[in-house]
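Worksheet for the structure shown next.
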Amino acid sequence: MLTSPARPRPGVPAGHPTGHPAGCAAVLAELLPYRRTLDSDHKDGNRGGNRDGDGNGNGNGNGNMDTPDAFPAQLRQLATPVAAGAPLLFTLPGFPCKSPHPAKVLGHLPDEGERLALRFLDALCARIEAVHPPGARVVICSDGHVFSDLIHVPDRDIDAYADALRALIHDEGLTRLDVFDLRQVYGQRLSHDVKRALVHDRYAPALEDLRSLTRSDEPTRRLYQGITRFLTEDSVSFTGTRSAWQRDCRRRAYGVMQRSRAWGELIGEHHPDAIRLSIHPQPRGSAKFGIRLLDAPDVWMTPWHSCVLEHRDGRRELLHRADAERLGRLVFRQGRPSHFVAD
């Protein structure tokens with residue numbers, strides 16, 4: 001289990017010294033088993049060998065030989081709060097809303113996937129506290145309203161999702177987690193369209209600069225391809241030709257990337273001292289650390305694009321609803337569809 005005593009991590013001596021820089025390495029070593037990666041040397045980089053009770057890998061069963069010194073950007077981000085003996089703050093953009101595709105998800109509200117992912121993040125903070133006693137928190141930067149017009153999800157569904165996410169955190173007693181969204185930035189009086197325009201106009205990169213980077217930078221190209229794939233899969237009501245549909249998804253993919261970068265800049269202004277996490281795969285050397293929330297067969301899959309299947313051995317895995325319901329029976333929690341249990 002994530003809450004069990006941690007074994008020695010790669011690159012960190014037994015006993016976990018908490019002085020700087022050893023303390024930075026000790027904290028980073030707690031994250032490394034859950035790194036979300038597309039690196040070619042991690043052939044199975046997002047399916048751990050052993051699994052804890054929340055469905056995530058609890059070790060580097062994938063052959064991941066990363067050590068803290070391979071991540072200087074994260075060590076730099078950790079240096080100041082660790083040296084000061086201050087609590088650590090992590091920011092994680094994500095948890096926007098459920099996919100609009102009924103073959104992927106159980107509905108528009110958080111379910112077992114979000115519950116397990118949130119429990120994992122809270123428990124990960126507890127493990128970090130064991131090597132950094134001042135503790136750690138994760139601010140979930142819920143970004144659904146930032147690009148809801150591009151992903152074709154109604155703003156009312158995003159409000160309902162975010163409110164249910166906060167309620168879930170409260171009801172589960174996950175005291176190390178907070179939620180940050182556009183309501184904290186611009187309040188309730190402005191319309192969602194106005195808020196999106198303010199974020200885009202102030203923070204988004206120029207479209208041509210982003211297109212150029214996509215052509216020249218491999219991680220950016222992969223991100224563009226991943227977002228395009230999601231938009232293509234989730235376009236359930238497009239009525240035009242196939243070629244027009246593909247052009248529309250590619251156009252919207254660039255828009256999502258622009259807004260995502262804008263949201264990252266805004267988060268940086270509001271949380272300038274935070275260590276930056278990402279739900280997307282990140283290469284070594286990136287300013288962001290890609291974090292894997294739950295076991296999945298696809299490095300791009302998240303709880304909001306899928307649902308949970310609980311296997312007979314207790315392992316939980318993210319799958320699209322259409323795949324999970326072929327393998328198990330539907331379970332309800334508090335009157336709502338929650339997840340599937342394997343037959």
Side-chain angles (χ1 to χ4, degrees), residues 2 31 34 54 56 87-99 105 107-126 128-129 135-148 151 153-190 192 195-196 198-199 203 256 259-280 288-294 302-306 308 333-334 336 338:
L2 279 172
L31 298 175
Y34 310 103
D54 282 349
N56 209 333
L88 303 177
L89 182 68
F90 295 88
T91 51
L92 177 62
F95 293 84
C97 58
K98 285 292 194 182
S99 163
V105 299
H108 71 280
L109 295 176
D111 54 34
E112 185 74 352
E114 280 84 359
R115 190 177 76 89
L116 293 176
L118 294 171
R119 287 177 61 186
F120 162 72
L121 290 170
D122 189 82
L124 184 59
C125 288
I128 290 172
E129 187 173 347
R137 302 184 63 80
V138 173
V139 177
I140 294 167
C141 302
S142 183
D143 47 7
H145 285 305
V146 175
F147 35 66
S148 61
I151 61 177
V153 174
D155 284 307
R156 64 179 179 275
D157 286 357
I158 291 171
D159 280 333
Y161 179 92
D163 291 342
L165 197 70
R166 287 182 168 88
L168 185 58
I169 290 171
H170 176 269
D171 293 346
E172 291 284 322
L174 306 178
T175 58
R176 301 173 184 89
L177 305 183
D178 295 303
V179 178
F180 173 82
D181 61 25
L182 283 181
R183 287 179 283 192
Q184 276 71 48
V185 181
Y186 297 118
Q188 302 278 15
R189 299 182 64 181
L190 298 177
H192 295 303
K195 292 176 185 177
R196 280 188 284 271
L198 289 171
V199 173
Y203 299 103
V256 169
R259 302 264 186 91
S260 178
R261 291 195 172 218
W263 182 232
E265 291 296 318
L266 186 152
I267 292 169
E269 279 194 1
H270 283 260
H271 304 285
D273 300 321
I275 300 97
R276 301 169 63 185
L277 302 178
S278 173
I279 53 93
H280 295 135
K288 295 179 286 187
F289 186 93
I291 190 83
R292 175 170 47 87
L293 301 176
L294 291 169
T302 66
W304 44 96
H305 285 103
S306 60
V308 169
R333 182 187 291 270
Q334 296 181 342
R336 297 207 310 256
S338 174

First locate atom [atom1] of [X], then atom [atom2] of [Y], and finally report the distance between them rounded to the nearest 0.5 Å.
X      : Y      : atom1 : atom2 : result
Ile291 : Leu121 : CD1   : CG    : 7.0 Å
Phe120 : Arg292 : CZ    : CZ    : 7.0 Å
Arg176 : Glu129 : CZ    : CD    : 5.5 Å
Leu182 : Asp143 : CG    : CG    : 9.0 Å
Leu177 : Arg137 : CG    : CZ    : 7.5 Å
Lys195 : Arg189 : NZ    : CZ    : 11.5 Å

- Would you sort out whether Val185 and His270 count as a side-chain contact (heavy atoms from CB on, under 4.5 Å), showing the intermediate values? CA-CA 9 Å; Val185 181; His270 283 260; 4.0 Å; yes
- Output, in order, the C-alpha distance, side-chain angles, deciding distance and verdict of side-chain contact (heavy atoms from CB on, under 4.5 Å) for His271 and Phe180. CA-CA 10 Å; His271 304 285; Phe180 173 82; 3.9 Å; yes
Close side-chain approach of [X] to [Y], heavy-atom, < 4.5 Å:
X      : Y      : answer
Leu118 : Leu165 : yes
Val308 : Arg115 : no
Pro303 : Leu116 : no
Tyr186 : Leu198 : yes
Val199 : Arg259 : no

Hey, can you pull the donor-acceptor pairs under 3.5 Å for the side chains in residues 261-268, sequence neighbours left out?
| residue | atom | partner | partner atom | Å |
| --- | --- | --- | --- | --- |
| Trp263 | NE1 | Cys141 | O | 3.3 |

For this session: Evaluate side-chain contact (heavy atoms from CB on, under 4.5 Å) for Cys125 paired with Leu88, printing each intermediate quantity in order.
Result: CA-CA 9 Å; Cys125 288; Leu88 303 177; over 6 Å; no
Quiz item: In this structure, which one of Asp181, Asp171, Ile140, Asp178 forms a side-chain contact (heavy atoms from CB on, under 4.5 Å) with Arg166?
Solution: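 So the option named by the test is Asp181.
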If you draw a 6.0 Å radius around NZ in Lys288, do more than 12 non-hydrogen atoms from other residues or ligands fall strictly inside?
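No - once you tally the heavy atoms of other residues, nucleotides and ligands closer than 6.0 Å, there are 12 at most.
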Legend entry - Exceeds 12 heavy-atom contacts within 6.0 angstrom, atom NE2 of His170: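 No, not enclosed.
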Pair Arg196-Asp155, side-chain contact (heavy atoms from CB on, under 4.5 Å): steps then yes or no
CA-CA 11 Å; Arg196 280 188 284 271; Asp155 284 307; 3.0 Å; yes
- prompt: Can a donor-acceptor pair be found between the side chains of Ser148 and His145 at a distance below 3.5 Å?
  reply: no
Shortest non-hydrogen contact between [X] and [Y], atoms and distance:
X      : Y      : value
Leu109 : Lys98  : O-CE, 3.3 Å
Ser338 : Asp111 : O-CB, 3.5 Å
Leu277 : Pro93  : O-CD, 3.3 Å
Ile158 : Gly144 : CD1-O, 3.3 Å
Val139 : Leu89  : CG2-CD1, 3.4 Å
Ser99  : His305 : CB-CD2, 3.9 Å

Requested in this report: Would you check if the side chain of Ser142 reaches a backbone N or O of Phe95 as a donor-acceptor pair within less than 3.5 Å?
Outcome: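 Yes, Ser142 side chain to Phe95 backbone: donor-acceptor pair under 3.5 Å.
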Exercise for the section: State whether the side chain of Ser260 and the backbone N or O of Val256 hold a donor-acceptor pair below 3.5 Å, judged by distance alone. Expected result: no
